[in-house]
Amino acid sequence: MSPKTNMLNSFLQRNSGYLVGKEFLYEVVANKFNDIDVDKWDYFTRDCHGLGIQHGFDLWRLLETAQVIEWKGELHIAYRDKVSTDILELFHTRTMVHMKACQHKTIKAVEMMIGDALQYANADFQVDYDFDSAENEVQHTTLSGALGNMEAYLQLNDQVTEQIKLKSKGNKNSKSLRKARKLLERLVVRDIYSVIFEIKLRSERKLNERMDEIELWITQKIERSKWLGVHMVQFEDKLNPPYVLVYDKQKRIESLAKMRIRKRPFEGCIRVYYKGKKRDRKRGVLSKEMEGHFHWLRTCRADF
């Protein structure tokens, strides 16, 4: 369980009677009931504007029709039945933002590189924190150790990559920090991981099966499999109609599932990234073994 979850559970246990009769307030910011909340309205509007993505949902219509209504003995936020298409468009917008931005192949390549750099630096990069003891001694832990230590976790911020670069230059004996620094420097010159194979599927079951097959094939048959990274992406509307409540003029409540609204079909893809430098691919410096792997990855659609 994550530190955030432990902290939240502790707060709820201490204040278990605080929101009795006001449970609907949990559906305002981070709605776990049906995923419709103001947080999504905010970042959808902001991200769509920044990325130039058109969206068709009208958040003001949702706000104007939102009401707190009792359903099955609990209070929930419900919307007028006439805005059901806006609700559906809200989840379509989330899918489009993920397809065009969040899950874009270049963004995932950068995320993969930062993740690899943090793994390289984990052993030799120390996170300093004050353990709040009587002696006020400075304690140390690794990056992975900070995940389970809130005091250390609070010391981490967006500057961790720059700190890795600085500590690498100060500790020239650490090969792991040097690897991490070189990987982060590749990001600056945009020498990022490149996609060498991609397959799209419209079945979640087949997607998971192909993912397991490709990962197993690479692990067993490719000796230098560390040069390859596999990533799976799923695109679908996360709309859960049974828990989206709507009401009509007579205040009769029903779930969105009864309105037969059509959702976007499932779509997913598997990408295989090459972690080497671009010049290796352009100059043909790769070994014959690796070139054979590239040929297999381009033609394995027939096999899978």
Side-chain angles (χ1 to χ4, degrees), residues 2 4 39-40 42-44 46-53 93-125 127 142-144 146-147 153 155-169 174-200 207 211 214-215 218 222 224-236 267-283 285-286 290 293-294 297-298:
S2 67
K4 283 186 177 180
D39 178 57
K40 289 183 179 60
D42 172 61
Y43 83 77
F44 285 167
R46 183 178 62 250
D47 291 353
C48 287
H49 175 76
L51 296 169
I53 299 175
T93 300
R94 175 163 68 173
T95 303
M96 295 305 297
V97 170
H98 274 266
M99 291 181 69
K100 295 184 177 181
C102 301
Q103 304 293 340
H104 190 272
K105 62 180 181 179
T106 303
I107 292 178
K108 301 311 296 185
V110 172
E111 290 181 2
M112 194 178 293
M113 292 182 73
I114 294 176
D116 288 347
L118 294 177
Q119 288 185 359
Y120 284 140
N122 180 56
D124 295 331
F125 184 86
V127 180
T142 61
L143 285 171
S144 58
L147 294 177
Y153 186 77
Q155 307 304 315
L156 299 176
N157 53 37
D158 293 341
Q159 292 297 315
V160 65
T161 55
E162 298 299 323
Q163 294 173 8
I164 290 175
K165 292 180 184 179
L166 291 174
K167 290 192 177 184
S168 171
K169 294 178 180 178
S174 174
K175 293 182 178 180
S176 59
L177 284 177
R178 187 162 61 250
K179 287 182 178 180
R181 176 172 57 83
K182 289 182 178 180
L183 202 55
L184 294 172
E185 288 175 348
R186 285 179 55 184
L187 286 174
V188 178
V189 297
R190 202 173 171 79
D191 186 7
I192 61 178
Y193 297 166
S194 54
V195 177
I196 57 177
F197 170 73
E198 182 176 10
I199 183 172
K200 295 182 179 180
L207 186 71
M211 182 70 175
I214 290 177
E215 286 185 330
I218 290 176
I222 299 182
R224 303 177 66 185
S225 58
K226 64 179 182 179
W227 289 97
L228 301 177
V230 187
H231 180 255
M232 181 174 66
V233 183
Q234 298 184 20
F235 304 117
E236 64 176 329
E267 181 180 349
C269 71
I270 300 173
R271 299 180 184 133
V272 180
Y273 288 86
Y274 171 61
K275 297 184 178 183
K277 295 183 178 181
K278 286 185 178 180
R279 65 185 183 188
D280 293 337
R281 294 193 64 191
K282 291 181 178 179
R283 297 178 183 177
V285 182
L286 300 174
M290 191 62 70
H293 301 331
F294 286 160
L297 290 169
R298 295 190 189 100

K.L.:
Using atom types as modelled, flag every donor-acceptor pair under 3.5 Å from a side chain in residues 96-103 to any protein atom, sequence neighbours excluded.
P.N.:
none

K.L.:
Listed by chain and number, what are the side-chain hydrogen bond (donor to acceptor under 3.5 Å, both in side chains) partners of Asp191, not counting sequence neighbours?
P.N.:
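By the side-chain hydrogen bond (donor to acceptor under 3.5 Å, both in side chains) rule, Asp191 matches no residue at all.
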K.L.:
Is the count of non-hydrogen atoms from other residues, nucleotides or ligands lying under 6.0 Å from Lys167 atom NZ greater than 12?
P.N.:
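Yes, the 6.0 Å shell around NZ holds more than 12 heavy atoms from other groups.
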K.L.:
Taking atom NZ of Lys200 and atom CZ of Arg271, what is their separation to the nearest 0.5 Å?
P.N.:
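Taking NZ in Lys200 and CZ in Arg271, the distance rounds to 8.0 Å.
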K.L.:
Measure the OH-CG distance between Tyr153 and Leu143 for me, rounded to the nearest 0.5 Å.
P.N.:
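Rounded to the nearest 0.5 Å, the OH-CG separation comes to 11.5 Å.
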K.L.:
So, using side-chain contact (heavy atoms from CB on, under 4.5 Å) as the criterion, who are the partners of Asn157 when residues are at least two apart?
P.N.:
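For Asn157, the residues satisfying side-chain contact (heavy atoms from CB on, under 4.5 Å) (neighbours in sequence not counted) are Gln159, Gln163.
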K.L.:
Return the set of residues passing side-chain contact (heavy atoms from CB on, under 4.5 Å) with Ser176 (not counting sequence neighbours), or none when no residue passes.
P.N.:
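For Ser176, the residues satisfying side-chain contact (heavy atoms from CB on, under 4.5 Å) (neighbours in sequence not counted) are Asp124, Ser174.
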K.L.:
What heavy-atom pair brings Cys269 and Glu198 nearest, and what distance separates the two atoms?
P.N.:
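Closest approach of Cys269 to Glu198, heavy atoms only: SG-OE2, 3.6 Å.
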K.L.:
Measure across Ala146 and Leu156 and return the closest heavy-atom pair with its distance rounded to 0.1 Å.
P.N.:
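Closest pair (atom of Ala146, atom of Leu156, distance): CB-CD1, 3.9 Å.
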K.L.:
Who passes salt bridge (Lys or Arg N to Asp or Glu O under 4.0 Å) against Arg181, sequence neighbours left out?
P.N.:
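Expected list: Glu185.
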K.L.:
Mind checking side-chain hydrogen bond (donor to acceptor under 3.5 Å, both in side chains) for Arg46 and listing every partner two or more places apart, or none if nothing turns up?
P.N.:
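Result, side-chain hydrogen bond (donor to acceptor under 3.5 Å, both in side chains) vs Arg46: Asp42.
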K.L.:
Does Leu207 reach the side chain of Ile270, with side-chain heavy atoms less than 4.5 Å apart?
P.N.:
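Yes. Closest side-chain heavy atoms under 4.5 Å.
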K.L.:
Taking only residues two or more places apart in sequence or in another chain, which ones pass side-chain hydrogen bond (donor to acceptor under 3.5 Å, both in side chains) with Ser144?
P.N.:
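Checked Ser144 against side-chain hydrogen bond (donor to acceptor under 3.5 Å, both in side chains); matches are Asn122, Thr142.
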K.L.:
What heavy-atom pair brings Thr93 and Cys48 nearest, and what distance separates the two atoms?
P.N.:
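Minimum heavy-atom contact is CG2-SG, 3.8 Å.
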K.L.:
Quick one: side chains of residues 104-119, donor-acceptor pairs under 3.5 Å with protein atoms, not counting sequence neighbours, listed by atom name and distance.
P.N.:
{"unit_1": "His104", "atom_1": "ND1", "unit_2": "Thr106", "atom_2": "N", "d": "3.1"}
{"unit_1": "Lys108", "atom_1": "NZ", "unit_2": "Glu111", "atom_2": "OE1", "d": "2.6"}
{"unit_1": "Asp116", "atom_1": "OD2", "unit_2": "Tyr193", "atom_2": "OH", "d": "2.8"}
{"unit_1": "Asp116", "atom_1": "OD2", "unit_2": "Lys275", "atom_2": "NZ", "d": "3.2"}

